[in-house]
*Asks:* 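Submitted below is the structure of interest, expressed as structure tokens.
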Amino acid sequence: MYSKFLALPEEKQRTILSAAIAEFTAKGYKAASTDIIAGNAGISKGSLFLYFKSKKDLFLYAYNHAIKVALEEYFCSDVTDNRDILEKLKLAFVHKIHMTAKNPGVFEFALAALREKSPEILHNIDSFNAKSLENAFSLFFDNIDVTLFKDDIDPKRAIDIITWTTQSFAARYQATLPKHLDEFEFSELITELDEYLNILRKALYK
């Protein structure tokens, strides 16, 4: 479907995707202009629609790309191979921070896409997210060492408590991100996360 786009040099692909991501993030799907995307990418509008058959097609390709970049950073081998869920979650969070700092535009676009309300793309985003989350959860939770938990604790409930705590922490962290990520003090964030994980370790581990 995207053979003509993928045949372009990688640098040109990145330029087009960066232009699309910036426009969609700034204006949302409905208000985004393909004229502006094409102009900022240094191509004609006709060329843009040669690579992508519609604005919807371009948006969904860009969103899939953003999620792929995020998951590749988030689920590195040191995360997926680690069997201690608390260490695994810390490593994943650190990778997420690095991904956010390294690819701020991609991260901001992914968050903006999650807030999209346009019915033209909403079903596609929800369907893709459901599949991505299912694969990610399987990759993350399949090899947890439940023998680390105290004998009188139900491992499933322990994992639920850990997951809820870290999800709430991550949501609060995302809500406080400044526009310029270099102004954010990530070391303080990791120190705070360690405090929560240490409490969970004392309460749940042998």
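Along the sequence shown, residues carry numbers from 1.
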*Asks:* Measure the shortest side-chain to side-chain distance between K56 and Y29 over non-hydrogen atoms and say whether it is less than 4.5 angstrom.
*Replies:*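 K56 reaches Y29 side chain to side chain.
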
*Asks:* Are I190 and F169 in one and the same hydrophobic cluster, where Ile, Leu, Val, Met, Phe, Trp and Tyr link if side-chain heavy atoms are under 4.5 Å apart?
*Replies:*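 Same cluster: I190 reaches F169 through Ile, Leu, Val, Met, Phe, Trp or Tyr contacts under 4.5 Å.
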
*Asks:* Under the salt bridge (Lys or Arg N to Asp or Glu O under 4.0 Å) definition, can you give me all pairs with a residue in residues 152-165, not counting sequence neighbours?
*Replies:*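 Every pair satisfying salt bridge (Lys or Arg N to Asp or Glu O under 4.0 Å) with a residue in residues 152-165: D154-R157, K156-D160.
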
*Asks:* Kindly work out whether a path of hydrophobic side-chain contacts (I/L/V/M/F/W/Y, heavy atoms less than 4.5 Å apart) joins L193 to I161.
*Replies:*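 Both belong to a single hydrophobic cluster.
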
*Asks:* For a side-chain contact (heavy atoms from CB on, under 4.5 Å) check, start with the C-alpha distance between Y51 and L58, then their side-chain angles and the critical distance, and finish with the verdict.
*Replies:* CA-CA 9 Å; Y51 307 138; L58 173 59; over 6 Å; no

*Asks:* Which value, rounded to the nearest 0.5 Å, describes the distance between K88 atom NZ and L86 atom CG?
*Replies:*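 The NZ atom of K88 sits 11.5 Å away from the CG atom of L86.
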
*Asks:* Go through the steps to decide whether E195 and T191 satisfy the test side-chain contact (heavy atoms from CB on, under 4.5 Å), and finish with yes or no.
*Replies:* CA-CA 7 Å; E195 292 175 359; T191 298; 4.2 Å; yes

*Asks:* Mind listing the closest non-hydrogen atom pair of I125 and A113 along with its distance?
*Replies:*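 Closest approach of I125 to A113: CD1-O, 3.7 Å.
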
*Asks:* Is there a side-chain contact (heavy atoms from CB on, under 4.5 Å) between L8 and I16? Walk through the geometry before answering.
*Replies:* CA-CA 10 Å; L8 293 171; I16 295 170; 3.8 Å; yes

*Asks:* Without hydrogens or angle criteria, can the side chains of Y205 and D84 be said to hold a donor-acceptor pair below 3.5 Å?
*Replies:*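 Per modelled atom types, Y205 and D84 side chains form a pair under 3.5 Å.
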
*Asks:* Looking at side-chain heavy atoms only, is the closest gap between F59 and E116 below 4.5 Å?
*Replies:*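 Heavy-atom side-chain distance check passes, below 4.5 Å.
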
*Asks:* Answer yes or no: is there a side-chain heavy-atom contact under 4.5 Å between R83 and I144?
*Replies:*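 A side-chain contact under 4.5 Å is absent here.
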
*Asks:* Is any side-chain heavy atom of F149 closer than 4.5 Å to one of I159?
*Replies:*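 Yes, side chains in contact.
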
*Asks:* Between atom CD of E23 and atom NZ of K27, what is the distance when rounded to the nearest 0.5 Å?
*Replies:*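 Answer for the CD-NZ pair, E23 versus K27, is 4.0 Å.
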
*Asks:* Find out whether I121 and S118 are in side-chain contact, i.e. whether some heavy atom of one side chain is under 4.5 Å from a heavy atom of the other.
*Replies:*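 Side chain of I121 against side chain of S118, heavy atoms only: contact under 4.5 Å found.
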
*Asks:* Are L89 and W164 linked, directly or through other ILVMFWY residues, by side chains that come within less than 4.5 angstrom of each other?
*Replies:*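 No, L89 and W164 fall in different hydrophobic clusters.
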
*Asks:* If we ignore hydrogens and angles and just use 3.5 Å, is the side chain of T25 paired with the main-chain N or O of A22 as donor and acceptor?
*Replies:*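 Looks like no, no N/O pair under 3.5 Å.
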
*Asks:* Starting at NZ of K55, measure out to CG of L48 and round the result to the nearest 0.5 Å.
*Replies:*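 Those atoms lie 11.0 Å apart.
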
*Asks:* Rounded to the nearest 0.5 Å, what separates atom CD1 in I162 from atom OH in Y196?
*Replies:*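 These two atoms lie 15.5 Å from each other.
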
*Asks:* Identify, with sequence neighbours excluded, every residue that meets ring pair (Phe, Tyr, Trp, His ring centres under 6.0 Å) alongside Y61.
*Replies:*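 Result, ring pair (Phe, Tyr, Trp, His ring centres under 6.0 Å) vs Y61: Y2, F5, F52.
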
*Asks:* With side chains defined as the heavy atoms from C-beta onward, is the minimum distance between K206 and D151 less than 4.5 Å?
*Replies:*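 A side-chain contact under 4.5 Å exists here.
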
*Asks:* Does a side-chain heavy-atom distance below 4.5 Å link D57 with F49?
*Replies:*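 No, every pair of side-chain atoms sits at 4.5 Å or beyond.
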
*Asks:* Less than 3.5 Å apart, which donor and acceptor atoms pair up between the side chains of residues 35-46 and the rest of the protein, not counting sequence neighbours?
*Replies:*
residue	atom	partner	partner atom	Å
N40	ND2	I36	O	3.4
S44	OG	S47	N	3.0
S44	OG	S47	OG	2.9

*Asks:* Out of curiosity, does L122 fall in the hydrophobic cluster containing I67 (side-chain heavy atoms, cut-off under 4.5 Å, transitive links)?
*Replies:*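 Per the 4.5 Å side-chain linkage, I67 and L122 are not co-clustered.
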
*Asks:* What is the minimum heavy-atom distance between A62 and I21, and which atoms define it?
*Replies:*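 Minimum heavy-atom separation between A62 and I21: CB-CG1, 4.1 Å.
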
*Asks:* Going through the distances and angles, do N82 and K90 end up as a side-chain hydrogen bond (donor to acceptor under 3.5 Å, both in side chains)?
*Replies:* CA-CA 11 Å; N82 197 308; K90 179 180 177 180; over 6 Å; no

*Asks:* Side chains of L148 and L204, heavy atoms from C-beta outward: is any pair under 4.5 Å?
*Replies:*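 No, too far: nothing below the 4.5 Å cut-off.
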
*Asks:* Crowded around K150 NZ? As in, over 12 foreign heavy atoms under 6.0 Å?
*Replies:*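 Check passes, neighbour count above 12.
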
*Asks:* Quick one: CG on L60 to NE2 on H65, what's the gap to the nearest 0.5 Å?
*Replies:*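 L60 atom CG to H65 atom NE2 measures 14.5 Å (nearest 0.5 Å).
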
